[in-house]
Q: 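Please see the structure below; I have some questions.
Chain identifiers are assigned alphabetically (A, B, ...) following the order of the sequence lines, protein sequences preceding nucleic acid strands; residue numbering begins at 1 within each chain. Since the structure is predicted, the reported quantities are computational estimates derived from the model, not experimental observations.
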Protein chains: 2
Amino acid sequence: MSDLLRHRPGYALRRAANAMMADLAGRLALIDLRIAEASVLLLVADRADATASDIGRTLDIQRANMVPLLTRLEAAGLIERRPLDGKSQAVLLTPSGRARRAEADAITTAFEADLLARIAPEHRDHLVPALDRLWSHP
Amino acid sequence: MSDLLRHRPGYALRRAANAMMADLAGRLALIDLRIAEASVLLLVADRADATASDIGRTLDIQRANMVPLLTRLEAAGLIERRPLDGKSQAVLLTPSGRARRAEADAITTAFEADLLARIAPEHRDHLVPALDRLWSHP
DNA sequence: GCGGATGGTTATTGACAATAACATTATGCG
DNA sequence: CGCATAATGTTATTGTCAATAACCATCCGC
């Protein structure tokens, strides 16, 4: 019955992303992080001078949606906002944020290993390159 | 800056699904359908005796969430609910629903062609099989 | 016949994303 | 330098999809 949709790449992509996100969300909930929050933590570690807008641009999160996200991370004591000038502000990890980031990194790394393990070896290496083309420059 | 996340299959999957759904939603909006609604229409055509619960199980949509979905389709005159017994109800396409389904089919088919066209030929055939394993039997 | 499973329904909640509008500040061009 | 323009952060609201809990009526198997 579901064969009609199963072979459709759009549908398969939607279902796969959905299942994946539910799994990952469950794992990240153990350290009280949502997926979007974890992605910010993972990204921020790199650059100490990244502004909220920078991060949003990289993660494709609208400026407006960054606000509650960063507010929540700040309230949890994981990040700190430091004004760069009168307009922009840098997002910095607190020590507690660095620790949480390490946990998130471990969780996501294990998660992605599990994810790849489910894919047949002959398909495995093609997944990321294929997906990349679907969002890199729409 | 984004290289940290770009090679992560989970992140790539999320971003790709997101971009894909935004594109598809835009195309389906032209015929006043949302993605979930279109998937129901496409599925229902096959079986005239499919109940709401059946459809939900196949599409992995909770019973509770099927209600407003079907209500909206019914209000738009695209489907009809016919009681099978005192408990279950079959979901049937109206003539108008069949026409809309054909439009949705054309749109999604063209969409998926465009989607696959963006993927390098050597990766193309691996996408659906890889995705399939991520949701078929979690 | 009866108890447990199933179908439909209501209501509520959560996560992520999009849009519009606004005030403030930075920037670059003339 | 001054000023139009762009960029930043923010508030508020909306939409889509999904999950949960609770409820009642009905079907089904023993």
Q: Can a side chain N or O of A/Arg63 be found less than 4.0 Å away from OP1 or OP2 on C/dA21?
A: no
Q: Report which part of the nucleic acid A/Ala25 touches: base, sugar-phosphate, or nothing (heavy-atom distance under 4.0 Å, all strands).
A: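 The answer is nothing, as A/Ala25 stays clear of every strand by at least 4.0 Å.
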Q: Any side-chain N or O of A/Arg72 below 4.0 angstrom from OP1/OP2 of C/dA15?
A: no
Q: Less than 4.0 angstrom between a side-chain N/O of A/Arg81 and OP1 or OP2 of D/dT10, yes or no?
A: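 For D/dT10, OP1 or OP2 has a side-chain N or O of A/Arg81 closer than 4.0 Å.
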Q: Hey, what do you get for CZ (B/Arg27) to CG (B/Leu30), rounding to the nearest 0.5 Å?
A: 9.5 Å
Q: Any side-chain N or O of B/Arg57 less than 4.0 Å from the OP1 or OP2 oxygen of C/dG7?
A: yes
Q: Can you tell me how far the CG atom of A/Leu43 sits from the CZ atom of A/Arg101, to the nearest 0.5 Å?
A: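 With rounding to 0.5 Å, CG (A/Leu43) is 9.5 Å from CZ (A/Arg101).
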Q: Do any side-chain nitrogens or oxygens of A/Ser53 fall under 4.0 Å of OP1 or OP2 in D/dG9?
A: yes
Q: Angle between the end axes of the helix from C/dG1-D/dC30 to C/dG30-D/dC1, five pairs per end, to the nearest 10 degrees?
A: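 Overall, the helix from C/dG1-D/dC30 to C/dG30-D/dC1 bends by 30° from one end axis to the other.
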Q: Would one find a side-chain N or O of A/Arg34 under 4.0 angstrom from OP1 or OP2 of C/dC16?
A: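 The answer is yes; a side-chain N or O of A/Arg34 sits under 4.0 Å from OP1 or OP2.
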Q: Are any of the side-chain nitrogens in B/Asp105 or A/Arg8 under 4.0 Å away from the carboxylate oxygens of its partner?
A: yes
Q: Does A/Glu122 come within less than 4.0 Å of A/Arg124, counting only side-chain N to carboxylate O?
A: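 No.
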Q: At under 4.0 Å, does any side-chain N or O of A/Gln89 touch on OP1 or OP2 of D/dT10?
A: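 Yes.
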Q: It should be established whether B/Asn18 places a side-chain nitrogen or oxygen under 4.0 Å from OP1 or OP2 of nucleotide C/dA17.
A: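 Result: yes.
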Q: Flag the pair B/Phe111 / B/Met20 as yes when at least one side-chain heavy-atom distance between them is below 4.5 Å, and no otherwise.
A: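 Yes, side chains in contact.
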Q: Does A/Lys87 get its side chain close enough to the base of C/dT24, under 3.5 Å, for a donor-acceptor pair?
A: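 By the distance-only test, no, there is no pair.
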Q: Would you say C/dA17 has OP1 or OP2 under 4.0 Å from some side-chain N or O of A/Gln62?
A: no
Q: Hey, does the side-chain of A/Asn65 have a donor or acceptor N/O within less than 3.5 Å of a partner on the base of C/dA18?
A: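 For A/Asn65, whose side chain was compared with the base of C/dA18, there is a donor-acceptor pair (under 3.5 Å).
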Q: Select from A/Asp85 and A/Leu59 the residue whose nearest nucleotide in DNA chain C is closer to the 5' end of that strand.
A: A/Leu59
